[in-house]
Amino acid sequence: MADYRLRNYERSEDCKRQYEFWLRATQDLPYAWASNLRNVRYLMKEMDKYPKARIYAEDESGELVGYIGTHPPFDFGDGVRVVPFGYPWTFPRDETLAAALYDQMLESTPNCYGGMRFDLYLQRFRRSWKDEITFMEARGWREKWSYPILAQEIPGVEGCPLPRLMKVTACDLRQVESLAKRDELIDDAPSSNLLHDKLQAGWLSWDAIWILPWDGAFSFEVRDRVAEVKLFVVSGGVRAAENLMRGTYAMARQAGVSTLSFTLSGYNAKRREQFEELGFIHVDDEVFLELSAEA
């Protein structure tokens with residue numbers, strides 16, 4: 001391994017450097033989530049308290065060439081406590097450095113969080129990320145569950161009347177909640193407070209969430225030429241779904257996007273038949289791997 005400096009989190013500027021590095025390191029991976037700086041800062045808001053939960057690799061000039069991180073334990077249900085565990089991203093790709101980052105993170109995590117108990121490590125990938133999955137499986141990680149990813153090239157909308165979309169503001173969130181409660185494919189409709197929290201934390205974007213009065217609301221996140229739809233709320237039947245999808249196509253095209261994708265989890269979990277009727281096909285899977293904390 002080259003002469004790299006490995007260090008823990010030191011300052012708030014590490015958030016921006018980490019985000020920009022993630023984009024570089026994952027630029028060639030299919031259906032890589034976009035993330036955003038607001039969300040990265042939200043997820044790292046406790047780094048001053050847990051600085052050892054990030055390990056950065058820098059070369060002799062101070063350039064970031066790799067990093068790995070974890071997040072504090074949370075309750076997973078049935079008394080199980082989980083730590084989200086990151087992948088050792090490197091750029092340029094360096095398997096020796098990746099192994100060193102992984103080994104140091106795995107060794108230090110039990111002491112990162114002040115002795116808080118946890119039972120499992122958890123990580124997510126796309127199934128098509130063969131190298132990353134192979135790296136983790138070689139170290140004892142195994143698949144726990146997966147969700148299908150559906151996608152579609154955005155069709156032409158020329159000559160079709162576009163629905164009257166409105167950008168969602170904080171004042172509109174109660175209306176989005178009301179629409180969600182009428183959506184027969186959502187079991188647990190998000191409250192306006194929950195939607196506000198997700199927007200403030202960067203899980204959804206204020207710049208990319210729209211409402212179509214009476215028919216529903218949607219939000220997506222753009223990475224290169226792909227828009228991953230994070231929220232799709234339909235308050236009516238087939239006509240409402242088609243109207244909402246036309247609006248999604250239109251706004252995604254305005255954002256320079258050629259492909260829409262949905263992960264069939266969360267609010268989208270029961271929408272497979274609806275999306276397939278609209279022309280979406282299964283292209284990949286979101287895969288979660290687990291490792292026992294006792295391994």
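This structure is a prediction, so every number in the text was calculated from the model and none was measured.
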Can you check whether Phe85 reaches Thr109 side chain to side chain, under 4.5 Å on heavy atoms? yes
Any sub-3.5 Å donor-acceptor pair from Arg5's side-chain atoms to Ala57's backbone N or O? no
About how many Å separate CD of Glu294 and CG of Leu291, when rounded to the nearest 0.5 Å? 10.5 Å
Within the supplied structure, the quantity of interest is the number of heavy atoms (other residues, nucleotides, ligands) at a distance under 6.0 Å from Asp188 CG; does it exceed 12? no
Ser205-Glu221 side chain donor-acceptor pair, cut-off 3.5 Å: no
Can you tell me if Arg174 and Ser178 form a side-chain donor-acceptor pair at under 3.5 Å? no
Any Asp103 side-chain heavy atom under 4.5 Å of Ile68 side chain: no
Run through the side-chain heavy atoms of Ile, Leu, Val, Met, Phe, Trp and Tyr, join any pair under 4.5 Å, and report what else lands in Tyr113's cluster. Tyr50, Met116
How many angstroms lie between atom CG of Asp59 and atom CG of Asp94, to the nearest 0.5 angstrom? 11.5 Å
Tell me yes or no: between the side chains of Gln152 and Tyr249, is some donor less than 3.5 Å from an acceptor? yes
Indicate whether the side chain of Ser191 and that of Asn193 have a donor and an acceptor atom separated by less than 3.5 Å. no
All ring-ring contact (aromatic ring centres under 6.0 Å, His included) counterparts of Phe118, not counting sequence neighbours: Tyr121
Please confirm whether the backbone N or O of Arg54 pairs with a side-chain atom of Asn8, one donor and one acceptor, at under 3.5 Å? yes
Side-chain heavy atoms under 4.5 Å apart, restricted to Ile/Leu/Val/Met/Phe/Trp/Tyr: what other residues fall into the cluster of Leu185, or is it alone? none
Compute the centroid of each ring, for Phe135 and then for Tyr87, and state whether the two points are separated by less than 6.0 Å. yes
Report yes or no: does Arg271 contribute a side-chain atom to a donor-acceptor pair with the main-chain N or O of Leu264 at less than 3.5 Å? no
Those residues that, when tested against Phe275, pass ring-ring contact (aromatic ring centres under 6.0 Å, His included) (two or more places apart): Phe232, Phe262, Phe280
Under 3.5 Å, side chain of Ser219 to main-chain N/O of Ala208, donor-acceptor pair present? yes
By side-chain hydrogen bond (donor to acceptor under 3.5 Å, both in side chains) - contacts of Arg139 (at least two apart): none
What is the distance from atom CG of Asp215 to atom CE of Met245, rounded to the nearest 0.5 Å? 12.5 Å
State plainly whether the residues Glu13 and Arg17 are in salt-bridge range, i.e. N to O under 4.0 Å. no
Pairwise side-chain contact, Pro73 with Val83, heavy-atom cut-off 4.5 Å (strictly under): yes
Could you tell me if the side chain of Asp14 sits less than 4.5 Å from the side chain of Tyr67, heavy atoms only? no
Taking side-chain hydrogen bond (donor to acceptor under 3.5 Å, both in side chains) as the test, write out the residues that go with Glu153, two or more places apart. Thr259
Got a list of side-chain donor-acceptor pairs under 3.5 Å for residues 38-49, not counting sequence neighbours?
| unit_1 | atom_1 | unit_2 | atom_2 | d |
| --- | --- | --- | --- | --- |
| Arg38 | NH1 | Gln200 | O | 3.2 |
| Asn39 | ND2 | Ala201 | O | 2.9 |

Over all heavy atoms of both residues, which pair between Leu289 and Phe125 is shortest? Give the atoms and the distance, please. CD1-CE1, 3.7 Å
Would a 4.5 Å heavy-atom cut-off, applied to side chains only, mark Phe218 and Leu165 as touching? yes
Does Arg253 reach the main-chain N or O of Ser258 with its side chain, forming a donor-acceptor pair under 3.5 Å? no
Tell me, please, which residues at least two apart from Phe74 pass ring-ring contact (aromatic ring centres under 6.0 Å, His included). none
When rounded to the nearest 0.5 angstrom, what distance separates CG in Leu64 from OG1 in Thr90? 10.5 Å
Other ILVMFWY residues reachable from Tyr267 by side-chain steps of under 4.5 Å: Met166, Val168, Leu173, Val176, Leu179, Ile186, Leu194, Leu195, Leu199, Leu204, Trp206, Ile209, Ile211, Leu231, Val233
To the nearest 0.5 angstrom, please state how far the CD atom of Gln123 sits from the CD atom of Glu290. 13.0 Å
Membership question, hydrophobic clusters at under 4.5 Å side-chain separation (ILVMFWY): are Leu150 and Val257 in the same one? yes
Among side-chain atoms of Tyr56 and Glu10, is any donor-acceptor pair under 3.5 angstrom? no
Would you please classify the geometry between the Trp145 ring and the Tyr147 ring as parallel, tilted or perpendicular, with 30° and 60° separating the classes? perpendicular
side-chain hydrogen bond (donor to acceptor under 3.5 Å, both in side chains) partners for Asp119, two or more places apart: Arg117
Run the side-chain donor-acceptor check on residues 23-32: report pairs under 3.5 Å with partners two or more places apart or on a different chain.
| unit_1 | atom_1 | unit_2 | atom_2 | d |
| --- | --- | --- | --- | --- |
| Thr26 | OG1 | Trp22 | O | 2.6 |
| Thr26 | OG1 | Arg223 | NH1 | 3.1 |
| Thr26 | OG1 | Arg223 | NH2 | 2.9 |

Heavy-atom check, side chain of Leu122 versus side chain of Pro84, under 4.5 Å: no
Using atom types as modelled and distance alone, determine if a side-chain donor or acceptor of Asn36 lies under 3.5 Å from a backbone N or O of Gly202. yes
Side chains of Asp172 and Thr169, donor plus acceptor under 3.5 Å: yes
Salt bridge (Lys or Arg N to Asp or Glu O under 4.0 Å) involving Arg124 - partner list, sequence neighbours excluded: Glu286
Would the distance check show the side chain of Ser235 and the main-chain N or O of Trp214 forming a donor-acceptor pair, the cut-off being under 3.5 Å? yes
Would the number of heavy atoms belonging to other residues, nucleotides or ligands and lying under 6.0 Å from CZ of Arg93 be above 12? yes
